[in-house]
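Written out below as structure tokens is the structure these notes cover.
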Amino acid sequence: MTTTTDLDRDLAIRLRIDALIADYIHCIDEDRLEEWPDFFTDDGRYHVITRENYDLGMPVALIYCDGRGMFEDRISALREANIFEPHVYCHMVAALKIIDSSGPEIATQSNFSVTRTMPEGEMMTFLCGKVFDTVVEVDGALKFKERKVILDSRRIDTLLVIPV
Amino acid sequence: MDTAHMDAGTDFVWPSEDVSQIPFRVYTDQEIYDLEQKLIFQGPTWNFLCIDCEIPNPGDYKMTNIGDAPIVVVRDENGDINAMVNRCAHKGAMLCYKPRGNIKEFNCIYHNWTYDLRGKLTGVAFHRGVRGQGGLTEEFKHDEHGLERIRIENVRGFIMGTFSEHTPPFAEYIGQELMDNIDRVFIKPLKVLGYHSQVFPNNWKLYVENNKDSYHASLLHVFHNTFGVVRPTMTGGILLSDSRWHHLSYTERKEIGDENIAKEKVRSRQDEYSLSDTRMMEHKLELGDTITNSIQTVFPTMVLQQILNALAIRQLIPRGVEESELIWTILGFEDDDAEMDELRLKVNNLVGPAGFISMEDGCVGGFIQKAAMANVDAQTVLPMGGRVIEPSHGSRVTESAVRGFWKGWRECMGI
């Protein structure tokens, strides 16, 4: 049970993390993907895992980035190498919960959904699930040290190329 | 088999004598789809069900599919593996509805009929009725109402299933050369690292063809070409089973030395394109050779994959005429250390629904499906490598294996 005192203590950090997540999803939804690696620390990690694998304790991720280079490679591949029908995401994020803000690494979780719109206008709820974040402060700015995206569905429709 | 198509009432006739032109109708027709379920998936073919290490203990089960048919694979008290159609013999309700688990017996939730782990009917609720009224009569024989059993074979840990008693033993089905490649890749006990599922907006056969199409690999997938997993200039080849139903396409880290190939203008060849972090492309030569890429198909829908150190089985499940689902079982070896685990996680960025060299396979079939729906009387053409269905040593610029698939399809379908 969250008490009033807890809320007071968390309020400032909650607002800052909420702003970080807002900046993050707008960056993706507005196709400013070259800025995406900047949201992570240089040694940041990013996994997109299905809930099936997560619950089974199996490590395989759909996307696994470990360190800035791999984040950059995801974007350069998307821009220059991979072939796919153009599409856009609209992220919705809700229920931000501060799990632990007692140390320099703040642990949070939140729910998200992504609506995908195709060039002809076809829309679907493409992804939804939970994100477990570890956030740290680097030179006065908050960054993700880790984002673990857990997808509720075990299935991906067609392909996954734009990060979540 | 010759009259099978007439029994099912399709008027479809193959429009040519060979398999170098494929009518679009085979990707769009419900009657053909229904026939495929009966004559291919429930016909004389071997289908991947699961891996034995996924059900290590007595009572462990896993749900899977052969075509549309729901199958459950279970390990019994004796340690033997059994596969049954996941359908109660009474009203046909699915017995297992959680993807995996551990059970003592099968227990139908609808009317509480029970079966042992070999599929034998062991109990019928209220079989004596209530106060002498209702219940079973003497003519009901428990032995006649067991679960429909699937014939299985354990092939190096891969549990294969077939509905038909006419299917030859697996090793004979794919032949020695292709068995040798399974032994080349899967050299040690396996462990499952996870699963992916990818839903394609296309008929199942378009994805099967894509796997057999060694011609596209270095053209569609920029990554292959750029990072030297598969370049047209690399040595490799296509092996085909004697039946031509199954194939292996492989690439080896050796150059052919044909200058003409380097001069080809290919979209996927972007020499200036590079990676910031190349750890993803690290290849630990764990199999004792320099083969970088080996894609092996087992007719109709199984793929055994080795791409660098990314090992997987892909199982394709038709989901109606215009949709199919690919289930990837991502593998490592049981004795992998932490460093090898990490390497496999990184290299697995290459494959799966978000894979650098596989994601295109998710959309290209949809591009064909859309066009096919618009003109079912038109046809594709498969001219690369001539009209023959022959193995190819050195070059993978051939559609032989695709034609081999259609040979198998026509033989099963009697079309």
Side-chain angles (χ1 to χ4, degrees), chain A residues 34 37 42-87 118-120 122 124 126-127 149 151-164, chain B residues 99-100 191-202 220-227 267-268 270 272-280 310 312 323 325-332 341-342 344-349 351-367:
Chain A
E34 281 68 20
D42 286 346
D43 64 349
R45 285 156 70 94
Y46 174 75
H47 322 239
V48 181
I49 304 177
T50 61
R51 189 167 181 160
E52 180 184 37
N53 288 340
Y54 186 75
D55 287 350
L56 288 167
M58 290 183 173
V60 157
L62 288 147
I63 301 178
Y64 174 43
C65 297
D66 170 24
R68 187 175 174 92
M70 293 181 79
F71 287 83
E72 291 170 354
D73 291 335
R74 272 282 159 188
I75 302 309
S76 64
L78 177 154
R79 294 288 191 223
E80 296 174 49
N82 290 127
I83 304 295
F84 51 91
E85 271 191 285
H87 55 276
M118 301 304 289
E120 311 231 326
E122 184 200 357
M124 74 185 295
F126 178 52
L127 305 168
V149 181
L151 306 178
D152 277 354
S153 175
R154 51 186 280 281
R155 288 186 182 182
I156 296 292
D157 181 78
T158 312
L159 57 84
L160 173 66
V161 62
I162 301 172
V164 190
Chain B
R100 48 180 73 76
K191 69 176 172 187
V192 176
L193 303 179
Y195 305 93
H196 294 310
S197 156
Q198 188 172 7
V199 176
F200 300 132
N202 55 259
L220 177 65
H221 307 301
V222 172
F223 247 74
H224 266 322
N225 213 348
T226 309
F227 300 110
R267 178 192 58 79
S268 64
Q270 300 183 20
E272 72 279 13
Y273 184 71
S274 68
L275 282 175
S276 300
D277 186 339
T278 53
R279 286 176 299 165
M280 193 172 70
E323 196 170 283
E325 178 178 359
L326 186 68
I327 297 184
W328 307 64
T329 304
I330 309 295
L331 299 170
D341 284 344
E342 181 68 17
R344 288 202 209 276
L345 288 193
K346 288 202 168 75
V347 72
N348 269 292
N349 274 301
V351 293
F356 286 122
I357 57 172
S358 64
M359 69 168 76
E360 286 90 1
D361 296 327
C363 64
V364 74
F367 294 166

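Order of the sequence lines fixes the chain letters, A, B, ..., with proteins taken first and strands second; residue numbering starts at 1 for each chain. Since the model is a prediction, treat every value here as computed from it, not as a measurement.
- Contacts between B/Arg344 and chain A at a heavy-atom distance below 4.5 Å are absent for every atom of the residue.
- Between chain B and the options A/Thr50, A/Asp66, A/Asp157, the largest number of non-hydrogen pairs under 4.5 Å is found for A/Asp66.
- The heavy-atom pair separating A/Pro163 from A/Leu78 by the smallest distance is CD-CD1, 4.4 Å.
- A heavy-atom distance below 4.5 Å is found between the side chains of B/His196 and B/Ile330.
- For a residue to count as touching a neighbouring chain, one of its non-hydrogen atoms must lie under 4.5 Å from one of that chain's; by this rule B/Val192 touches chain A with backbone and side chain alike.
- Contact count versus chain A (heavy atoms, under 4.5 Å) is highest, among B/Pro353, B/Gly352, B/Gly362, for B/Pro353.
- Contacts of B/Leu345 with chain A are made by both backbone and side-chain atoms, with heavy-atom separations under 4.5 Å.
- Neither the backbone nor the side chain of B/Lys191 comes within contact range of chain A; no heavy atoms are under 4.5 Å apart.
- With sequence neighbours excluded, the residues satisfying side-chain contact (heavy atoms from CB on, under 4.5 Å) with A/Met118 are A/Glu85, A/His87, A/Arg116, A/Glu122.
- Judged by distance alone, the side chains of A/Arg74 and B/Asn349 do bring a donor and an acceptor atom under 3.5 Å apart.
- A distance of 9.5 Å separates CG of B/Asp277 from CD of A/Glu72, quoted to the nearest 0.5 Å.
- Residue A/Leu62 touches chain B through both its backbone and its side chain, counting heavy-atom pairs closer than 4.5 Å.
- When heavy atoms are compared at a cutoff of 4.5 Å, B/Leu326 does not approach chain A at all.
- Looking at heavy atoms from C-beta onward, B/Val199 lies in side-chain contact with B/Glu323 at the 4.5 angstrom threshold.
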